[in-house]
**Student:** 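This is the structure I want to talk about, given as structure tokens.
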Amino acid sequence: MTRALRMATLVLLPCVAASAQARGLMIGPEDLGPRDWAALRAEIARARRTQPEAFAQVAAVRKNVARLDQRKRGAVAPISPLLKAIGPTALWPMLEMLAVQAAPRGELNASAWLALRLGLVEAVGTIRDARARPVLAALWLAPETLLVRAVAEALGRLGDDASVALLLDRAGREQGARRMAVYSGMGSCRRLRSTQALAKVLAAEEDPERAKVLVKALAEAGNSGAWRTSGAWAKGEEQAVRETSARALVAAFVKHGGDVRQAASNGLLVVDAPATPGLIAQARARASGLVVEALDALRDRFARNPVRLAR
């Protein structure tokens, strides 16, 4: 190797190393536009100067993932509660870990590796900071449907027009279980446009398992308790969202039986839309036989709705 070639190699090696390190657990600079990448790096650098303790706290959670996975009781260790407990200052350390720079997977097994990424996405979503949108929008290509659902839910929690558009676009691009994962997470959005999209898909759905996913998403979109919290983004759309959810749920109750009907009944109690008794009456007028009896039971159950009586 000539002296000039050796010098060139020495110059290039640090650049290559820096490029290899500048990647998070799920994405890297090639997954974000130059402007978003620069803005993200600037915010992270600023947060490191002003809130270094948050980076240390997030790193401490990361170090405990393997131990938490060993002690888990369900399929996935609950990492997000630990990250949420740090508070909003955890946003930039978590985005750095997801997108910019993170310790390698190392000895984490499959369930621990999933738990870490899932916990980060879920916790970022609960902060509801629109500056996280570019990173969230780049996480769609995760192979696990649980992560696809978590990304959809996180974008839904942002609730702004741009996030709604991203959700609807992605639902149109995905297929099979991944599409249903987007629909499932979309329930957290609580915007009229996304709720109408869910209602339209449910009306055309024949498969009971997929219908049940859509029913639960609509129940979440119209959730009367969630609408009373500060997390509901578009308060002016509340009544329209809840009525749209209730209308779709009554239609699903009539169309389907079994678990879907039970899920729709439960969802109607959660949504507790004032229009529900009228919607049940309209459906009853068009029904016959056992469906009429089922609607009568639904009417009586709704009248004794424990969700409303508990308030």
Side-chain angles (χ1 to χ4, degrees), residues 128 152-153 155-161 163-165 167-168 171 180 182-206 208 210-257 259-287 291-292 294-311:
R128 292 185 170 93
E153 185 174 296
L155 283 168
R157 288 179 182 276
L158 293 182
D160 56 359
D161 291 344
S163 298
V164 173
L167 285 168
L168 295 177
M180 296 312 299
V182 176
Y183 286 141
S184 179
M186 198 184 294
S188 68
C189 190
R190 300 191 180 92
R191 291 295 306 274
L192 182 58
R193 188 179 171 199
S194 58
T195 306
Q196 289 171 333
L198 288 170
K200 182 178 179 180
V201 175
L202 176 59
E205 186 56 69
E206 301 294 337
R210 291 195 293 266
K212 189 162 62 173
V213 170
L214 294 163
V215 161
K216 290 181 177 180
L218 280 159
E220 183 62 26
N223 187 319
S224 60
W227 276 103
R228 293 196 301 274
T229 69
S230 59
W233 197 87
K235 294 285 190 181
E237 295 184 358
E238 176 182 358
Q239 293 308 316
V241 167
R242 289 172 64 193
E243 183 170 340
T244 298
S245 297
R247 190 179 299 277
L249 292 173
V250 169
F253 182 95
V254 172
K255 179 178 178 179
H256 298 274
D259 290 345
V260 180
R261 178 169 289 179
Q262 185 60 52
S265 176
N266 295 342
L268 285 163
L269 299 190
V270 170
V271 174
D272 195 32
T276 302
L279 295 171
I280 295 173
Q282 292 170 17
R284 188 184 188 281
R286 298 188 297 268
V291 176
V292 170
L295 286 165
D296 286 344
L298 175 62
R299 176 198 60 204
D300 295 342
R301 186 185 184 208
F302 188 81
R304 302 187 303 271
N305 188 356
V307 173
R308 185 185 327 109
L309 296 176
R311 292 203 287 268

**Student:** Yes or no on side chain to side chain contact (heavy atoms under 4.5 Å, CB included) for Thr195 and Arg242, after CA distance, side-chain angles and deciding distance?
**Tutor:** CA-CA 9 Å; Thr195 306; Arg242 289 172 64 193; over 6 Å; no
**Student:** Output the distance between atom CG (Leu218) and atom CG (Leu249), rounded to the nearest 0.5 Å.
**Tutor:**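 It comes to 5.5 Å.
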**Student:** I'd like to know whether Asp272 forms a side chain to side chain contact (heavy atoms under 4.5 Å, CB included) with Phe302, so could you lay out the CA-CA distance, the side-chain angles of the two residues, the decisive distance to 0.1 Å, and finally the verdict.
**Tutor:** CA-CA 8 Å; Asp272 195 32; Phe302 188 81; 3.4 Å; yes
**Student:** When rounded to the nearest 0.5 angstrom, what distance separates CG in Leu202 from OH in Tyr183?
**Tutor:**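 Result: 11.0 Å between the selected atoms.
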**Student:** Restricting to non-hydrogen atoms, name the atom on Val164 and the atom on Gly159 that form the minimum distance, rounded to 0.1 Å.
**Tutor:**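 Result for this residue pair: CG2-O, 4.3 Å.
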**Student:** If you count the non-hydrogen atoms of other residues, nucleotides and ligands that lie under 6.0 Å from CG in Asp259, is the total more than 12?
**Tutor:**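 It does not: Asp259 CG has 12 such atoms or fewer within range.
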**Student:** How far does CG of Leu295 sit from CG of Leu279, to the nearest 0.5 angstrom?
**Tutor:**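 The distance works out to 11.0 Å.
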**Student:** Hey, does Leu155 have a side-chain heavy atom less than 4.5 Å from the side chain of Leu158?
**Tutor:**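 Yes - at least one pair of side-chain heavy atoms lies under 4.5 Å apart.
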**Student:** Can you see which heavy atom on Val260 is nearest to which on Pro208, and at what distance?
**Tutor:**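 For Val260 and Pro208, the tightest heavy-atom pair comes out as CG2-O, 3.2 Å.
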**Student:** As an exercise, state the distance from NE2 of His256 to CD of Gln262, rounded to the nearest 0.5 Å.
**Tutor:**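 Between atom NE2 of His256 and atom CD of Gln262 there are 14.5 Å.
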**Student:** Return the minimal non-hydrogen interatomic distance between Val215 and Ala252, and the atom names on each side.
**Tutor:**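 It is CG2-CB, 4.0 Å.
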**Student:** Could you state the interatomic distance from OG (Ser224) to CG (Asn305), rounded to the nearest 0.5 Å?
**Tutor:**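 Going from OG on Ser224 over to CG on Asn305, the span is 7.5 Å.
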**Student:** So, for Ala204 and Lys255, which heavy atoms are closest and what is the spacing to 0.1 Å?
**Tutor:**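 Closest approach of Ala204 to Lys255: C-NZ, 4.0 Å.
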**Student:** Counting only heavy atoms not in Lys216 (residues, nucleotides, ligands), do more than 12 fall under 6.0 Å from its NZ?
**Tutor:**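 No, NZ of Lys216 has 12 or fewer neighbouring heavy atoms, counting only those of other groups under 6.0 Å.
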**Student:** Run the side-chain hydrogen bond (donor to acceptor under 3.5 Å, both in side chains) test against Ser265 and tell me which residues pass, sequence neighbours left out.
**Tutor:**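 side-chain hydrogen bond (donor to acceptor under 3.5 Å, both in side chains) list for Ser265, sorted by chain: Arg301.
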**Student:** Nearest 0.5 Å, what's the CE-OG distance between Met186 and Ser194?
**Tutor:**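 The OG atom of Ser194 is 6.5 Å from CE of Met186, to the nearest 0.5 Å.
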**Student:** Would the distance check show the side chain of Ser184 and the main-chain N or O of Met180 forming a donor-acceptor pair, the cut-off being under 3.5 Å?
**Tutor:**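 No.
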**Student:** Considering all heavy atoms of both residues, which atom of Ala221 and which atom of Val241 are nearest to each other, and what is their separation?
**Tutor:**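 That would be O-CG1, 3.5 Å.
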**Student:** Counting only N and O atoms by type, is there a donor-acceptor contact under 3.5 Å from the side chain of Glu237 to the main-chain atoms of Leu192?
**Tutor:**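 Judged by distance alone, yes, a pair lies under 3.5 Å.
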**Student:** Do you know the tightest heavy-atom contact between Phe253 and Arg261?
**Tutor:**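 Scanning both residues completely, I find the closest heavy atoms to be O-NE, 2.8 Å.
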**Student:** Should we count CZ of Arg247 as having more than 12 external heavy atoms under 6.0 Å?
**Tutor:**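 Not more than 12 within 6.0 Å, no.
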**Student:** Any salt bridge (charged side-chain N to carboxylate O under 4.0 Å, His left out) involving residues 194-203? Give me the pairs, sequence neighbours left out, ordered by first then second residue.
**Tutor:**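 Every pair satisfying salt bridge (charged side-chain N to carboxylate O under 4.0 Å, His left out) with a residue in residues 194-203: there are none.
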**Student:** Mind checking what makes side-chain hydrogen bond (donor to acceptor under 3.5 Å, both in side chains) contact with Ser163, not counting sequence neighbours?
**Tutor:**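 Here the qualifying residues are Arg133, Asp160.
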**Student:** For the backbone of Arg128 and the side chain of Arg157, can you confirm whether one donor and one acceptor N or O come within less than 3.5 Å of each other?
**Tutor:**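 Not at all, since once roles are kept as given, no pair shorter than 3.5 Å links the two residues.
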**Student:** Test Val270 against Glu220 for side chain to side chain contact (heavy atoms under 4.5 Å, CB included), laying out the working first.
**Tutor:** CA-CA 8 Å; Val270 170; Glu220 183 62 26; over 6 Å; no
**Student:** Donor-acceptor pair, distance only, cut-off 3.5 Å: does the side chain of Arg304 make one with the backbone of Asp300?
**Tutor:**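 Yes.
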